[in-house]
Amino acid sequence: MARRGRDDDHGGTTHSPDGPRDDEEAGVVELKKGARITGGDRSKLAADLKKKYSGGASIRELAAETGRSYGFVHRILAESGVTLRGRGGATRGKKS
């Protein structure tokens, strides 16, 4: 069954004639949407996400950067032993 609206069906990483793309230089693993990530690829992705999350990136930012869902990134971080930050925002303090 043919898929519609896809220009790049080979699923590989594409390179420009000038060399690697910006996201490849930053160490972000290019993932095909919905592809199962296992083994070494999953370990490398977990290490990259852990490093960026520890550096201050949010789960939503990491999800957008990798093209994966919030839940996927959250699960990978939890599996790799990262202590997840709180939701942030305004908190209620004790009344004086």
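Scope of the values below: all heavy atoms of this structure, side chains included, with no hydrogens, waters or symmetry mates.
- Once rounded to the nearest 0.5 Å, the distance linking NZ of Lys51 with OG of Ser80 reads 14.0 Å.
- One finds no salt bridge joining Asp48 and Lys52 here, because no Lys/Arg side-chain nitrogen approaches an Asp/Glu carboxylate oxygen to under 4.0 Å.
- Both tests hold for Arg85 against Tyr53: distance to the six-membered ring centre under 6.0 Å, angle to the ring axis within 45°.
- Between the CD atom of Glu79 and the NE2 atom of His74 there is a distance of 11.0 Å, given to the nearest 0.5 Å.
- The closest side-chain heavy-atom distance from Val73 to Arg60 is not below 4.5 Å.
- Rounding to the nearest 0.5 Å gives a distance of 10.0 Å between CD of Glu65 and OG of Ser58.
- Phe72 does not carry Arg75 over the face of its six-membered ring by the limits of under 6.0 Å from the centre and within 45° of the normal.
- Taking CZ of Arg36 as the reference point, atom CZ of Arg42 lies at 9.0 Å (rounded to 0.5 Å).
- Distance OG/Ser54 to CG/Leu49: 10.5 Å, rounded to 0.5 Å.
- In this structure, Leu62 CG and Ile76 CD1 are separated by 11.5 Å, a value rounded to the nearest 0.5 Å.
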